[in-house]
Colleague: 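Input: one structure, supplied below.
Counting starts at 1 for both ligands and their atoms, following the listed order.
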Amino acid sequence: MSRYDEAKQIYAQCGVDTEEALNALRDVCVSVHCWQGDDVIGFDNKEALSGGIQTTGNYPGKARTPAELMADIDKAFSLIPGKKKLNLHASYAIFDGEPVGRDKIEPQHFKAWVDFAKQRGVGIDFNPTFFAHPMVKDNLTLSSPDETVRAYWVAHGKACIRISEYFAEQTGIPCVMNIWIPDGYKDIPADRLGPRARFKKSLDEILSVPYDKSKVYVTLESKVFGIGLESYTVGSAEFCLSYSAKNNITPLMDNGHYHPTEVVSDKISSLLLFNEKIALHVTRPVRWDSDHVVLFDDETKEIAKEIVRNDALSRVFIATDYFDASINRISAWVTGVRNVQKALLFALLQPNKQLKALQDESDMTALMVLQEELKTAPFGDVWNEYLARQGVAADYLSEVKDYEQKVLVNRV
Ligand code: RNT
Ligand code: ZN
């Protein structure tokens with residue numbers, strides 16, 4: 001008997017059908033962030049990363065051109081099983097001739113990405129880039145009191161809606177367009193309302209662009225603080241949740257964007273009760289929003305459980321968002337995305353109905369014992385079966401090292 005067949009029997013004894021789990025996982029799409037490949041630099045200007053986010057490390061081989069980034073994404077995609085989407089930032093515009101400002105970007109500046117996505121049969125998600133740009137003034141964009149600055153970024157947001165619609169039309173797959181602004185203050189502000197009122201007005205203006213809501217899902221990502229912006233964040237959780245609810249857009253939670261003892265896994269159920277769709281940035285915050293590579297850790301598993309056992313796989317847009325420049329970037333991509341998928345499989349392999357019944361019967365003793373026993377069930381054998389069925393190598397490290405020797409080390 002194969003290891004998988006044995007695992008299948010063991011799970012069946014707990015009331016879990018591994019075949020059902022494998023089939024369900026195959027259909028889950030994870031939106032893979034392009035920015036792990038080049039440390040969030042992009043192609044549209046030479047500005048240093050800003051906005052309170054940071055990549056640290058200097059591992060050789062980061063992608064410097066669209067061709068290099070595309071090749072690296074291909075390598076990563078070949079090692080990641082299942083359905084994928086490509087998640088782009090506006091800063092990854094590709095200019096043939098003279099670059100245009102972010103307020104003037106157009107679909108044509110993303111044509112190469114559309115060709116790339118179409119050839120690989122994947123959809124594209126999109127993000128306006130409100131950071132690392134000379135028009136960010138005093139750490140403010142959409143909430144700036146300077147009308148020229150605010151208008152510039154509103155124009156950028158509108159341009160991005162048009163580009164998102166173009167992605168959806170071209171690929172035939174809806175585009176999730178996520179708005180996140182870094183705006184905030186390092187020290188205690190005198191006016192907390194003003195910037196939020198301006199942000200609200202800016203969002204209203206951006207969303208006044210007519211767009212097809214079945215093709216473009218606009219999401220809004222909140223945050224608690226950024227580096228250098230410790231005292232006040234315009235786009236706080238309360239602001240973003242309220243704005244999303246009132247304006248019929250989708251809230252996005254990044255699990256690095258809360259106080260360290262708060263967990264996104266506990267927030268998902270509440271948002272599911274009040275939203276048709278919700279969106280996630282899966283990351284790993286180490287003491288702060290450090291954006292380490294996602295691991296197969298407790299909180300990632302708990303997030304996945306909340307999606308699976310609430311029957312919400314079709315209602316949650318799952319995207320990765322991390323950037324580690326201290327290790328091989330292809331490996332970072334593959335490890336992190338695979339861990340999201342592993343967590344989903346782990347959740348799909350829980351006897352969720354039975355566990356819920358134990359809770360409702362208040363048999364917390366049995367609930368604890370069963371949940372603990374399941375942690376050491378032969379999960380790895382089911383995961384390896386999934387990789388084999390997907391035709392993806394279980395040992396990706398040797399492939400990554402090989403690519404590093406053949407391709408990455410030559411980028412000096
Ligand atoms: C920043 C947000 C945001 C960015 C990306 C690059 O704290 O998480 O999502 O990481 O847009
Ligand atoms: Zn994020």
Side-chain angles (χ1 to χ4, degrees), residues 30-45 47-56 62-63 69 85-93 102 124-133 136 139 141-142 153 156-157 160 164 175-184 218-230 232-237 239-240 244 250-260 262 264 267 278-294 299-300 303 316-325 329 332-333 336-337 340:
V30 178
S31 186
V32 180
H33 61 309
C34 77
W35 50 93
Q36 167 58 61
D38 73 336
D39 310 341
V40 211
I41 292 171
F43 305 126
D44 74 338
N45 70 35
E47 291 278 311
L49 185 57
S50 73
I53 54 178
Q54 260 178 20
T55 47
T56 53
K62 76 165 161 254
L69 186 59
K85 239 177 151 183
L86 175 63
N87 201 0
L88 290 178
H89 245 285
S91 51
Y92 290 80
R102 286 193 188 156
I124 305 178
D125 289 333
F126 200 45
N127 304 260
T129 311
F130 297 101
F131 54 82
H133 193 277
V136 179
N139 300 316
T141 62
L142 292 178
W153 291 109
H156 177 56
C160 287
S164 298
C175 172
V176 176
M177 187 192 103
N178 178 48
I179 298 177
W180 169 73
I181 60 164
D183 299 30
V218 176
T219 65
L220 185 60
E221 178 180 11
S222 66
K223 187 160 177 171
V224 63
F225 83 95
I227 294 287
L229 308 163
E230 289 86 355
Y232 169 80
T233 295
V234 180
S236 61
F239 178 95
C240 291
S244 302
T250 303
L252 185 146
M253 296 189 291
D254 177 313
N255 63 305
H257 289 191
Y258 297 87
H259 287 282
E262 274 186 275
V264 161
K267 301 176 189 296
I278 68 167
L280 298 178
H281 271 182
V282 187
T283 185
R284 178 165 52 107
V286 179
R287 303 185 192 283
W288 68 288
D289 182 33
S290 60
D291 289 297
H292 281 62
V293 176
V294 175
E299 173 58 3
T300 309
I303 287 172
V316 183
F317 297 118
I318 306 171
T320 46
D321 178 19
Y322 53 81
F323 21 97
D324 191 337
R329 293 171 186 79
W333 256 321
V337 179
V340 172

Colleague: Check for a donor-acceptor pair, side chain of T233 on one end and backbone N or O of G184 on the other, with a separation under 3.5 Å.
Modeller: no
Colleague: So, the side chain of E299 versus the backbone of V264: is there a donor-acceptor pair under 3.5 Å, distance only?
Modeller: yes
Colleague: For T283, which of D291, D321, T320 qualifies under side-chain hydrogen bond (donor to acceptor under 3.5 Å, both in side chains)?
Modeller: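 Of D291, D321, T320, side-chain hydrogen bond (donor to acceptor under 3.5 Å, both in side chains) with T283 is met by D291 alone.
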Colleague: With rounding to the nearest 0.5 angstrom, report the CZ to CG distance, R102 to D44.
Modeller: 4.0 Å
Colleague: Going by chain and residue number, what protein N/O/S atoms come nearer than 2.8 Å to the Zn ion (ligand 2)?
Modeller: E221 OE2, D254 OD2, H281 ND1, D321 OD2
Colleague: To the nearest 0.5 Å, what is the distance between CD1 on I179 and CZ on F130?
Modeller: 5.5 Å
Colleague: Can any side-chain N or O of T129 pair as donor or acceptor with the backbone N or O of S91 at less than 3.5 Å?
Modeller: yes
Colleague: Please name the pair of heavy atoms, one in W35 and one in L88, separated by the smallest distance, quoted to 0.1 Å.
Modeller: CZ3-C, 4.3 Å
Colleague: Where is the tightest heavy-atom contact between D289 and I53, given as atom of each residue plus distance?
Modeller: OD2-CG2, 4.5 Å
Colleague: Checking H292 against S290: is there a side-chain donor and acceptor pair closer than 3.5 Å?
Modeller: yes
Colleague: With the criterion set at N/O pairs under 3.5 Å, what does the list of contacts between the protein and ligand 1 look like, atom names and distances included?
Modeller:
{"unit_1": "ligand 1", "atom_1": "7 (O)", "unit_2": "K223", "atom_2": "NZ", "d": "2.7"}
{"unit_1": "ligand 1", "atom_1": "7 (O)", "unit_2": "H257", "atom_2": "NE2", "d": "2.9"}
{"unit_1": "ligand 1", "atom_1": "7 (O)", "unit_2": "D289", "atom_2": "OD2", "d": "3.2"}
{"unit_1": "ligand 1", "atom_1": "8 (O)", "unit_2": "E221", "atom_2": "OE2", "d": "3.0"}
{"unit_1": "ligand 1", "atom_1": "8 (O)", "unit_2": "D254", "atom_2": "OD2", "d": "2.9"}
{"unit_1": "ligand 1", "atom_1": "8 (O)", "unit_2": "H257", "atom_2": "NE2", "d": "3.0"}
{"unit_1": "ligand 1", "atom_1": "8 (O)", "unit_2": "D321", "atom_2": "OD2", "d": "2.8"}
{"unit_1": "ligand 1", "atom_1": "9 (O)", "unit_2": "E221", "atom_2": "OE1", "d": "2.8"}
{"unit_1": "ligand 1", "atom_1": "9 (O)", "unit_2": "E221", "atom_2": "OE2", "d": "3.2"}
{"unit_1": "ligand 1", "atom_1": "9 (O)", "unit_2": "H281", "atom_2": "ND1", "d": "3.2"}
{"unit_1": "ligand 1", "atom_1": "9 (O)", "unit_2": "D321", "atom_2": "OD2", "d": "3.0"}
{"unit_1": "ligand 1", "atom_1": "10 (O)", "unit_2": "D321", "atom_2": "OD1", "d": "3.1"}
{"unit_1": "ligand 1", "atom_1": "10 (O)", "unit_2": "D321", "atom_2": "OD2", "d": "2.8"}
{"unit_1": "ligand 1", "atom_1": "11 (O)", "unit_2": "H89", "atom_2": "NE2", "d": "2.7"}

